[in-house]
Every structure is written in structure tokens, then in C-alpha cells.
There are 2 protein chains.
Amino acid sequence: MTVIFSKKCELALQAVLFLSVKKEKKIFNAIEISEELKVPKEFVSKMLQILTDSGIVGSKKGKNGGFYLAKKPSTIKLIDIVEAIDGLDVFQSCVLGFPGCSVSEPCPVHEKWGKLRDDALKMLSEETLEQLKEKTLNKILDL
Amino acid sequence: MTVIFSKKCELALQAVLFLSVKKEKKIFNAIEISEELKVPKEFVSKMLQILTDSGIVGSKKGKNGGFYLAKKPSTIKLIDIVEAIDGLDVFQSCVLGFPGCSVSEPCPVHEKWGKLRDDALKMLSEETLEQLKEKTLNKILDL
DNA sequence: TCATAATCAGATATATTTTTCTGTTAAAAT
DNA sequence: ATTTTAACAGAAAAATATATCTGATTATGA
């Protein structure tokens with residue numbers, strides 16, 4: 001079970017964080033990333049292809065090809081990746097699954113969850129990859 | 001897509017909330033509950049059977065049978081239902097899906113998510129069904 | 001006691017998500 | 001030019017989660 005993001009999204013976030021602590025424009029192929037993150041390379045490919053489509057990641061085919069951040073880390077936020085993969089529905093939907101949960105027809109935890117949801121959104125959209133870099137280095141080795 | 005709980009869990013929470021605003025020990029069969037919550041009756045049955053096993057809900061077979069809260073609303077919290085259906089892993093796992101995310105090896109959002117996760121746990125464990133009753137009535141009709 | 005109505009247990013089916021595969025295309029190096 | 005390497009696209013397979021069905025059991029009321 002995932003927490004709030006799909007497995008796809010989790011992997012995408014991890015892969016982008018990985019790229020963000022490397023020298024800018026340095027290229028890594030799917031195998032290298034998959035080994036670092038310990039996930040199948042086909043899955044890495046798939047996700048990074050989606051992020052390539054959405055312009056966050058760039059790619060280069062052929063020998064010495066691979067993936068790299070297409071934008072500066074100072075312009076990318078975690079929420080961008082979430083939006084590209086899972087979309088932003090989580091930040092709209094009722095946590096108890098009630099249909100039509102709203103201010104006028106709130107579920108029993110509507111208000112409290114609203115606060116939490118906003119904080120979660122903040123967590124993902126306040127800091128850029130650049131600002132997260134140091135923390136990211138605690139988790140991902142800068143090889 | 002669910003927010004953080006599985007569909008099963010969402011339904012279980014809804015069903016228990018439904019029962020909590022009814023007269024104590026009043027019995028409802030799966031069909032009645034399914035009509036109120038607009039979900040298939042087999043699904044309601046399945047979930048309430050699990051909650052019956054875990055002692056939150058009681059059941060009575062045969063004619064005029066059905067389901068009812070096995071405990072007083074003042075002793076049941078939403079977290080009890082979550083625990084019975086999804087378990088409490090969500091409140092342990094890394095939101096970015098990193099393996100071995102911990103204080104000594106935190107992911108980039110470890111601390112912030114920790115706070116949010118604790119608040120979420122609070123949201124589900126501070127108030128009893130009794131205390132939520134009024135809010136629940138805003139969402140579920142007291143037929 | 002019999003017919004009926006309901007839960008219950010377990011199997012099955014369906015849907016969704018995740019993962020892998022197959023072949024194609026593009027780029028680079030030899 | 002040719003070979004090699006890697007992304008890319010889309011299909012297929014596997015795994016997981018969700019939903020449905022079947023038959024058995026149990027309780028009630030007539």
C-alpha cells in the first residue's frame with residue numbers, strides 16, 4: 001500500500017530527486033537510475049518517459065544517452081511531479097470517500113482534513129529541488 | 001483514486017458512521033445500508049463482516065437480522081475502523097516510498113510529513129463517534 | 001415445523017494498477 | 001556505413017484490489 005501517491009508517482013519523485021543532486025545536465029540511463037533506486041529499469045524508463053513528455057526531464061537517445069533534468073532545480077517543485085503522474089485529485093477528494101463532500105455538505109472530518117491537505121500541498125510546493133538538495137543528499141548518495 | 005484509505009476502508013468508515021447516528025442497537029441489513037451509501041450490498045456485507053470479526057460491529061442472522069454497532073459510540077474512534085481494514089502502515093511508511101526512511105536516514109520531506117501524519121492520526125483518534133455525531137448528521141440523514 | 005430472510009465463508013469474476021516485454025527509432029562511436 | 005546503445009511506444013503479462021456470486025448456516029415468525 002502506498003501512502004497517498006501511487007507507486008508510479010513515488011518512483012518518479014525518487015528519480016527526479018536522484019537527478020536533482022547530480023551535476024546539472026549530467027545524463028543517467030535507466031539502468032543506472034534503477035540500480036540506485038533498486039527498482040526495475042523498465043519501470044524507471046516508463047516513468048521518466050512520462051516526465052519527459054511533461055517537460056520536467058529531458059532525454060537523449062542512443063549511445064551515452066539517458067535522462068537529465070530539463071529545468072534548473074531551482075524551478076522544479078515536488079508537486080510538479082505529482083501533478084504530472086497522479087494529478088491533483090488527492091487534494092480535492094474527500095478523505096472518507098463521501099461523494100459531494102463540500103463546505104455546504106461536509107463530512108465529519110472535512111475541516112480538519114482540509115487543513116492537513118493544505119499543509120501537504122504546502123510541503124510539496126513551497127520548496128524547490130534546489131532548496132531540498134541538502135536533505136536529499138541525506139537519502140541519495142552523490143556518486 | 002482514494003486519498004489515503006482504500007475503497008474498502010472508506011466504505012467501512014461510512015457504514016460505521018451511518019450506524020453511529022442511529023438509535024443504539026438498531027439493526028440495519030446490508031441492503032438498507034447499501035442504499036443509503038449508494039454502493040453494492042455485497043460490498044457492504046463484506047466490509048461489515050470484517051468489522052464484525054474485529055468486534056466493532058455486531059450482526060444478527062436470519063429474519064430481521066442485520067448489523068449494528070457492537071460498542072457504544074462513545075468508545076469507538078475512526079482509527080479503530082482504519083486499523084481493522086487497512087492497518088496502520090500508512091502512519092509508518094515514507095510518503096515518497098523510500099525504503100528505510102527514518103530519523104537517521106530521512107527522506108527530504110520526512111520531518112514535515114511526520115507532523116502531518118501525526119495530525120492525521122490525531123484527527124482519527126481524538127474524537128469518538130459520539131463526539132462526531134452532530135457533524136455526521138450533516139452528511140448522513142437520520143432517517 | 002416450515003418457509004423465509006438474513007449473515008457468513010469462500011470462491012470466482014472483474015477492474016485497476018503495476019510490471020515486463022517486443023519491436024522501433026535515434027544517436028553516437030567505431 | 002555499420003554496429004551498438006539507449007530511449008520510445010505500445011502491447012502484454014502479472015499482481016493487486018475491488019466487486020460479485022454461490023451455497024451453507026442461522027434465526028425468526030407464522
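What's counted below: heavy atoms across the whole structure, side chains too, no hydrogens, waters or symmetry copies. Chain identifiers are assigned alphabetically (A, B, ...) following the order of the sequence lines, protein sequences preceding nucleic acid strands; residue numbering begins at 1 within each chain.
- Shown here are the side chain to side chain contact (heavy atoms under 4.5 Å, CB included) partners of Thr2(B), two or more places apart in sequence or in another chain: Lys7(B), Glu10(B).
- Cluster note: Ile27(A) groups with Tyr68(A) through ILVMFWY side-chain heavy atoms spaced under 4.5 Å, whether in direct contact or through intervening members.
- Between Gln14(B) atom CD and dT18(D) atom P there is a gap of 14 Å when expressed in whole angstrom units.
- Listed by first and then second residue, the side-chain hydrogen bond (donor to acceptor under 3.5 Å, both in side chains) pairs that reach into residues 121-133 of chain A are Glu127(A)-Lys112(B), Thr128(A)-Gln131(A), sequence neighbours excluded.
- By the side chain to side chain contact (heavy atoms under 4.5 Å, CB included) test, Ala84(A) pairs with Leu51(A), Ser54(A), Ile56(A), sequence neighbours left out.
- Atom SG of Cys107(A) is separated from atom NZ of Lys139(B) by 7.0 Å, given to the nearest 0.5 angstrom.
- Applying the salt bridge (charged side-chain N to carboxylate O under 4.0 Å, His left out) test to residues at least two apart or on different chains, the pairs with a partner in residues 62-75 of chain B are Glu24(B)-Lys72(B).
- Proximity of residues 92-99 of chain B to DNA chain C (heavy atom under 4.0 angstrom from any strand atom) is not detected for any residue.
- Protein chain B contacts DNA chain C over a range whose 5' and 3' limits, counting nucleotides with an atom under 4.0 angstrom from a non-hydrogen atom, are dA5(C) to dA11(C).
- For residues 39-48 of chain B, no residue pair satisfies the salt bridge (charged side-chain N to carboxylate O under 4.0 Å, His left out) rule, not counting sequence neighbours.
- Pairs passing the side-chain hydrogen bond (donor to acceptor under 3.5 Å, both in side chains) check and including a residue from residues 86-107 of chain A, sequence neighbours excluded, read Ser6(A)-Asp86(A), Ser102(A)-Ser104(A).
- Scored by the side chain to side chain contact (heavy atoms under 4.5 Å, CB included) test, Glu83(A) finds Leu88(A) as partners (sequence neighbours excluded).
- Every residue two or more places apart in sequence or in another chain that forms a side chain to side chain contact (heavy atoms under 4.5 Å, CB included) with Val39(A) is listed here: Leu11(A), Leu37(A), Val44(A).
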Starting at the 5' end of nucleotides 5-14 of chain D, put B wherever the base has a protein heavy atom under 4.0 Å, S where only the sugar-phosphate does, and a dash everywhere else. BBSBBBB---
